[in-house]
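Some notes on the structure that comes next.
In what follows, every heavy atom counts, from backbone to side chain, and hydrogens, waters and symmetry copies are set aside. Sequence lines set the chain letters: A, B, ... in the order given, protein chains first and strands last, and positions in each chain run from 1.
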Amino acid sequence: MKSPISASKQCIHRLLKPQKSSTTTTTTNLRRLSVAPDPIQPPSHEQLTQSAITNLKSTDDWTNNTILHQQLLSLPSNFLPKIARELETSIKALKFFHFINGNQSLSPLSLSSVFQVVIELAIREEDSVSLVNLLDLSKELKIPLSPHSATLLMRYFFRVKKIQNSVLVYEGLDPDVKTIGVKNTLLDLLMKSDRFRDARHLLDEMLEPDVKFPPNEVTLNIILPSLLRWNLGNENENENEKILGLVPKFGIHGLFPSNIWLTQLITKLCRSYRNDKAWDLLHEFMKFGKVEVAPCNALLSGLGKARNYDRINLFLKEMKENGIKPDVVTFGMLVNHLCKSRRVDEALDMFKKTREGIDGICIKPDVILYNTLIDGLCKVGRQEEGLSLMKKMKSEDNCIPTAITYNCLIDGFCKSGEIERSLELFDQMSNEGVNPTVVTVNTLVDGMCKHGRIGNAMEFFRKMQDEKGIKGNVVTYSTLISAFCSVNNIEKATSLFEEMESLGSPDALSYYSLISGLTQAGRPDDASFIASKMKKAGFHLDLVSYNTLISGFCKRNKLDKAVEVLKEMEESGMKADGITYNTLISYFSQKGDFETAHKFLKQMINDGNVPTVVTYGTLIHAYCLAGNLDEAMNIFNEMLITSKVHPNTVIYNILIDSLCKHGKVERALSMMDTMLQKGVKPNTTTYNAMLKGLSSTKRLKEALILMDQMRNQACDPDYVTMEILNDWLSAVGEVEKLRRFVEGYQVA
DNA sequence: GTAGGGTTAG
């Protein structure tokens with residue numbers, strides 16, 4: 001089969017052969033050439049060029065024009081490419097090339113430069129067939145391509161999606177022509193064509209210590225954006241990683257990615273859960289000593305997300321050793337970490353020290369640092385201190401509070417139930433020209449809902465929509481939906497859900513709010529319906545959602561439905577966890593179906609879940625309910641012996657309660673002794689169970705001792721305690737003892 | 001590097 005390429009090749013070869021031509025045209029051309037403007041002066045090079053061009057363009061038949069040939073060769077060589085370019089088509093230019101080719105006096109360089117013009121013209125004509133032929137011709141005639149035309153050719157083939165031809169162009173080049181510009185071009189094209197393996201081989205070659213054309217800034221700028229574009233999990237990941245591994249080798253040539261690039265690279269790696277890679281890479285660069293604080297912060301942030309505190313501390317030490325000074329961002333992260341671990345005083349201490357420069361580093365705090373601290377204070381219920389800190393940031397550091405500052409404080413006051421203070425702050429921010437955001441609205445809506453003011457929340461939201469143009473988002477809606485579900489107003493919840501659907505797609509959490517609300521409102525079937533709608537919308541129920549649904553069906557005594565959800569969960573590839581199994585074991589055993597409960601226990605263990613104290617607790621609870629105290633005690637004793645899972649307060653409470661209910665108050669008391677011996681702290685429920693047991697057997701003396709014990713352990717009585725004691729003590733005329741107990745005095 | 005929505009079992 002004959003390819004179009006070979007056909008075109010024949011056409012080019014025909015052009016190669018000199019053609020016989022008539023002499024008449026030669027004379028005409030000669031006559032034209034001799035027409036010079038000034039008979040005395042010999043024609044200038046420009047004039048000669050101009051007339052040659054006219055000659056060459058007016059007729060095709062000049063291949064045997066020896067005078068023209070001589071005239072052309074008398075011109076300085078830099079005029080020849082100019083003439084070739086004027087011929088406008090690659091065919092004509094090629095013909096011109098052949099016309100002057102073969103002359104000994106012509107340097108290979110000028111021949112080559114004419115050939116480059118042919119290529120340029122062919123590229124402009126977008127004729128890839130003839131370009132391939134020209135490439136062959138250049139090899140055949142041993143005309144070296146210039147770096148410029150090699151570049152043009154490679155880019156052209158890339159443009160027409162024939163990257164393999166670009167590679168061939170490169171491979172056919174003389175080593176001298178493979179300049180850094182040429183190499184960079186190929187590297188760029190390979191990366192852009194996703195040929196990472198070839199790119200890596202080329203780069204590896206380019207980075208050799210003693211190469212003729214060492215890499216430059218451009219080389220780095222080619223590979224870095226490409227590495228930043230790379231997606232995790234694609235088939236090129238491996239190659240991308242290998243290329244990344246080559247980046248430090250630029251250091252041999254005195255090149256480093258800028259700190260901006262480095263920061264982006266580290267961030268990207270950390271976000272793709274490649275902290276180890278980020279760590280290694282940054283350490284490679286630290287050897288060259290050009291690393292600034294920004295990429296270090298990126299790494300610290302990644303380590304923080306992974307809670308790798310050992311490495312954080314080690315790295316902070318290394319930064320110090322390498323003379324990299326932490327900045328306000330570094331401290332922002334450290335302060336944030338302390339705040340999020342509720343170690344607010346340590347955070348305040350660090351803030352104070354760095355602000356005053358006590359440990360040798362002086363940092364001027366910015367608004368983010370203040371916001372972090374204010375939020376930290378609010379999150380532990382110290383919103384009043386947060387408020388004073390806001391005043392301090394204005395007066396002492398000239399920091400203007402932002403919407404975030406106010407949002408933190410508003411949330412703090414909302415969470416403590418001081419909705420009015422939150423609303424005052426809301427007014428204050430408006431007065432100070434700080435615009436509330438949708439987060440401000442959501443915080444207040446949530447605060448009002450959580451404190452039983454759902455109507456106010458709804459009103460406030462509508463007012464914000466009308467007056468401030470804050471439309472509300474999925475968070476607003478899902479907050480309101482949960483709230484309405486919690487007061488069993490399913491109609492309002494559903495209508496809000498529909499309103500949200502009409503505004504845009506609800507997110508998984510909004511679906512979850514409704515599902516969870518319906519489940520808790522005792523309507524697991526409706527919840528299941530929304531769950532199927534959620535799946536149709538492309539969301540998957542997560543583990544928590546599945547567990548909530550399962551427990552919802554269990555609570556409504558629809559165990560078969562619960563098992564159905566479990567099956568569906570497994571089918572969708574979601575693995576049941578300990579909580580799922582605990583829920584099922586709990587309800588099946590409570591119904592007295594210990595066989596199924598044990599079946600789930602077995603399945604749970606086979607599934608790789610270790611039974612926890614909750615698992616044993618549910619079984620003990622169920623055996624107690626079934627009146628099988630012996631089996632309950634067996635499980636309890638087994639826990640004590642195997643000592644893998646220790647009974648906790650809940651388990652002792654179940655047993656104490658059950659023993660008391662069965663009139664075995666003596667054994668309950670000794671159970672409480674065991675509890676104390678084992679260092680398990682009794683709580684209000686423990687005392688309530690025990691006091692109830694003692695009251696039923698009228699053992700007042702022991703009860704009074706327990707009441708004192710309760711006080712000493714700072715265990716507050718609740719309404720259950722008061723009910724038991726009130727009934728009992730007033731019946732036996734010991735109300736005075738109860739009064740003393742309430743006021744916190746000794747009673748025994 | 002900072003703010004808002006749910007968390008299931010005894």
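- Looking only at distances, no side-chain donor or acceptor of A/Thr615 sits under 3.5 Å from a matching main-chain atom of A/Asn582.
- In this structure, A/Thr612 reaches neither bases nor backbone, as no heavy-atom distance under 4.0 Å exists between it and the strands shown.
- Across all strands, A/Leu369 comes closer than 4.0 Å to base atoms (heavy-atom distances).
- Counting distance only, with no hydrogens placed and no angle test, the side-chain atoms of A/Asn648 and the base atoms of B/dG10 include a donor-acceptor pair under 3.5 Å.
- Nearest to the side chain of A/Ile579, among B/dT7, B/dA9, B/dG1, sits B/dA9.
- If you check every strand for non-hydrogen atoms under 4.0 Å, A/Val328 touches a base.
- Under a 3.5 Å cut-off, the side chain of A/Asn637 and the backbone N or O of A/Met633 do form a donor-acceptor pair.
- Going from atom OH of A/Tyr587 over to atom P of B/dA9 covers 6 Å, rounded to whole Å.
- Side-chain atoms of A/Asn653 and base atoms of B/dG10 include no donor and acceptor less than 3.5 Å apart.
- In this structure, A/Asp507 reaches the bases: a heavy-atom distance under 4.0 Å links it to at least one base atom across the strands shown.
- Using a 4.0 Å cut-off on heavy atoms, the residues of residues 472-481 of chain A that approach DNA chain B are A/Asn473, A/Val474, A/Val475, A/Ser478, A/Thr479, listed by number.
- As a whole-Å value, the separation of A/Asp375 CG from B/dT2 C1' is 7 Å.
- In this structure, the nucleotide among B/dA3, B/dG6, B/dG10 sitting nearest to the side chain of A/Val613 is B/dG10.
- Of the candidate nucleotides B/dA3, B/dT8, B/dG10, B/dG10 has the atom lying nearest to any side-chain atom of A/His621.
- Under the 6.0 Å cut-off for aromatic ring centres, A/Tyr309 and A/His337 qualify, their centroids lying closer than that.
- The side chain of A/Asp446 has B/dG5 as its nearest neighbour among B/dA3, B/dG5, B/dT7.
- Nearest nucleotide to the A/Ser551 side chain, out of B/dT2, B/dG10, B/dT8: B/dT8.
- At least one donor-acceptor pair under 3.5 Å links the side chain of A/Asn275 to the backbone N or O of A/Gly302.
- Of the listed nucleotides (B/dG1, B/dG6, B/dG10), B/dG10 has the atom at the smallest distance from the side chain of A/Gln590.
- Between the side chain of A/Asn473 and the main chain of A/Thr476, a donor-acceptor pair closer than 3.5 Å is present.
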*Dump the intermediate steps for salt bridge (charged side-chain N to carboxylate O under 4.0 Å, His left out) on A/Lys392 and A/Asp397, then the final yes or no.*
CA-CA 7 Å; A/Lys392 190 173 151 164; A/Asp397 279 309; over 6 Å; no
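- Neither OP1 nor OP2 of B/dA3 sits under 4.0 Å from any side-chain N or O of A/Lys415.
- The phosphate of B/dA3 (OP1 or OP2) has no side-chain N or O of A/Lys379 nearer than 4.0 angstrom.
- To the nearest angstrom, P of B/dT7 lies 13 Å from CG of A/Asn547.
- Looking at the side chain of A/Lys305, the nearest of the listed nucleotides B/dG1, B/dA3, B/dG10 is B/dG1.
- Separating the CG atom of A/Asp366 from the P atom of B/dT2 is a distance of 12 Å, rounded to the nearest angstrom.
- Atom-to-atom, CG of A/Asp542 to P of B/dT8 comes out at 13 Å; the value is rounded to the nearest Å.
- Atom OH of A/Tyr581 and atom C1' of B/dA9 are 14 Å apart (whole Å).
- The closest donor-acceptor contact from the side chain of A/Ser341 to the backbone of A/Arg343 lies at 3.5 Å or more, if one exists at all.
- Of the candidates B/dG10, B/dA3, B/dG5, the closest approach to any side-chain atom of A/Ser586 belongs to B/dG10.
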*Show the numbers, then the answer: is there a salt bridge (charged side-chain N to carboxylate O under 4.0 Å, His left out) between A/Arg462 and A/Glu499?*
CA-CA 13 Å; A/Arg462 295 299 186 210; A/Glu499 186 180 320; 2.9 Å; yes
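- Here B/dT8 presents its P atom at 14 Å from CG of A/Leu549, a figure rounded to the nearest Å.
- Checked against A/Phe497 for a ring pair (Phe, Tyr, Trp, His ring centres under 6.0 Å), the options A/Tyr511, A/Tyr512, A/Tyr477 give a single hit: A/Tyr511.
- Picking from B/dA9, B/dG1, B/dG10 the nucleotide with the shortest atom distance to the side chain of A/Val650 gives B/dG10.
- Whole-Å rounding puts the A/Asp397 CG to B/dT2 P distance at 20 Å.
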